[in-house]
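Let me begin by presenting the structure, written as structure tokens, before commenting on it.
Any value given below was found using the heavy atoms of this structure, including those in side chains, with hydrogens, waters and symmetry copies removed.
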Amino acid sequence: MDEVEESIIEAVENVRSDSYQILEDQFGAYAARLRNLDFTSHFAKIHQASIASLSEFKLAVSKGRDELFGLRRHLKEADADLADFKERNGLKRTARTASGTSKIIKWLIVFVLLFVETAVNGIYLAGGNSQGLVGGIGVAFGFAFVNVFATVALGLKVIPYIRHRMFLKKVWGFLGVCGWLVVALCVNFVMAHYREVSAESLAQVGILVMERIKNAPFHMADINSWVLFATGFLFSVGALLDSLSMQDPYPKYSETQSRYDAAREYYIDQKVVLTDQLQSTRDNLIQTVEDVLRRLTDRRREYGSIIDNRTRTANLYMEHQSSLEIAARKLLQVYREANRQTRTKPEPKYWSMQFKLERRKAVPNTGEDWSDQELAEGIKKAQTELSDHMRQIGQEFEKALEQYDQLDTLFPEYSNGTTQTKI
């Protein structure tokens, strides 16, 4: 070949070499993408995650069971205290306890009684007070506060003992009733005499009141003083009835029952909370498994896409070499036609032969590739393991519920005044 023909062939071969370099770069990019998929490491992580998540769930079950066991033991102790209290006091009925709303209402009634008594008594006492209505209300509040809250204290803490089985405690309750009568009568008597004295004199009212009570306790000239006394006594009776209705008439019974009810409600609430936490943990783990399976499917799809693209790129390069060969033949043909028209010597014999471009093989490195069978078996194994993992988590969840229910089988039965607990 002459220089022109050699330059044509050289140009075509240079394009082929440049294209081959691009092909090698593409093969390198495909290889990097395949390495990033790293099915071997991914399968190992799936196995480790399966074991770790199952262990995590079992640990959550164990913690919940231990917590419930402690709460159940506390409930059992409260149940035993209640049973012992009923047995010691010969009680066969359930204690009457007030709900939180009911207690709030009853205490509101106490404060309403205090407010109303202060207002009513303040009107009666205003006439004999130098500061008028304001002064009367101030004095009335002091009397009303002692009258109401002393009654409430006795009604909650002392008077209920009058129904106690033990004689000495009955005596204590009887003393509480006597104390209430003393408070209700004395406070209101003093208030009625205070009104009488303050209407006559504003100096040394306290001393004059004590003298009147000592010398003539039942002598009150104004009917309004007796009305004031009766009104205050009625408010005291109302406060007493309200305080007694706040709890069971038998002393300490409501408190013992409330402790048991609180322990039982807390136990039930915590059982619900722990069960919800376990369910949430189970659902999160199952969702994680489903995400892993979805990513595994996506990886397999991406792997197939990479292999197809790599094969298509190799085929395109082979077609590209064929195109380069055709282009070289056309260029040589153009040159030789022009050469024939001007040459004086016979044309070379090799002109009758078609030019053939030496092909460079487009073969990627497939040493780290997974075969379809290996990949299918690996994915199937991982899917089976994850499915078994999901099934085991479900079984552990059911076992946990059974274990929680075993701790929760508390059935109070009343027989001969004793609360029995079945386990």
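With sequence neighbours left out, the side chain to side chain donor-acceptor pair (under 3.5 Å) criterion links Tyr266 to no other residue. Partners of Glu325 under the salt bridge (Lys or Arg N to Asp or Glu O under 4.0 Å) rule, at least two apart in sequence or in another chain, are Arg329, Arg359. Taking the salt bridge (Lys or Arg N to Asp or Glu O under 4.0 Å) definition, one finds that Lys58 meets it with nothing, sequence neighbours left out. Evaluation of the side chain to side chain contact (heavy atoms under 4.5 Å, CB included) rule for Ser17 yields Arg360 as partners, not counting sequence neighbours. Glu337 is linked by a salt bridge (Lys or Arg N to Asp or Glu O under 4.0 Å) to Arg340, counting only residues two or more places apart in sequence or in another chain. Remark: Arg310 pairs with Asp369 by the salt bridge (Lys or Arg N to Asp or Glu O under 4.0 Å) rule, at least two apart or across chains. Residues satisfying the side chain to side chain donor-acceptor pair (under 3.5 Å) test with Gln270, not counting sequence neighbours, are Glu67. For Lys170, the side chain to side chain contact (heavy atoms under 4.5 Å, CB included) criterion is met by no residue, not counting sequence neighbours. Residues passing the side chain to side chain contact (heavy atoms under 4.5 Å, CB included) test with Asp298, sequence neighbours excluded: Arg294, Arg301. With sequence neighbours left out, Tyr30 forms a side chain to side chain donor-acceptor pair (under 3.5 Å) with Thr313.
Within 6.0 Å of CH2 on Trp351 lie more than 12 heavy atoms contributed by other residues, nucleotides or ligands. For NE2 of His164, the number of neighbouring non-hydrogen atoms (other residues, nucleotides, ligands) closer than 6.0 Å is greater than 12. More than 12 heavy atoms of other residues, nucleotides or ligands lie within 6.0 Å of OH in Tyr350, so this atom counts as buried by the packing criterion. Other residues, nucleotides and ligands place no more than 12 heavy atoms under 6.0 Å from the CD atom of Gln333.
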Below 3.5 Å, can you tabulate the donor-acceptor pairs from side chains in residues 7-14 to any protein atom, sequence neighbours excluded?
| from | atom 1 | to | atom 2 | distance (Å) |
| --- | --- | --- | --- | --- |
| Ser7 | OG | Glu3 | O | 3.3 |
| Ser7 | OG | Val4 | O | 2.5 |
| Asn14 | ND2 | Glu10 | O | 3.2 |

Donor-acceptor pairs are to be reported for all side-chain atoms of residues 173-182 against protein atoms at under 3.5 Å, with residues two or more places apart or in another chain.
| from | atom 1 | to | atom 2 | distance (Å) |
| --- | --- | --- | --- | --- |
| Trp180 | NE1 | Ser236 | OG | 2.8 |

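Taking the side chain as every heavy atom from C-beta outward, Arg165 and Tyr250 approach each other to under 4.5 Å. For the pair His320 and Val15, the minimum side-chain heavy-atom distance is below 4.5 Å. A heavy-atom distance below 4.5 Å is not found between the side chains of Pro251 and Lys169. At least one side-chain heavy atom of Gln279 sits less than 4.5 Å from a side-chain heavy atom of Asp283. Between Arg336 and Leu332, the closest side-chain pair of non-hydrogen atoms falls below 4.5 Å. In this structure, Tyr317 and Glu24 have side chains that are not in contact, with every pair of non-hydrogen atoms separated by 4.5 Å or more. Counting only heavy atoms from C-beta outward, the side chains of Ser243 and Val110 never approach each other to under 4.5 Å.
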Test ring pair (Phe, Tyr, Trp, His ring centres under 6.0 Å) on Tyr260 and Phe85; report intermediate values, then the result. CA-CA 12 Å; Tyr260 169 77; Phe85 183 88; over 10 Å; no

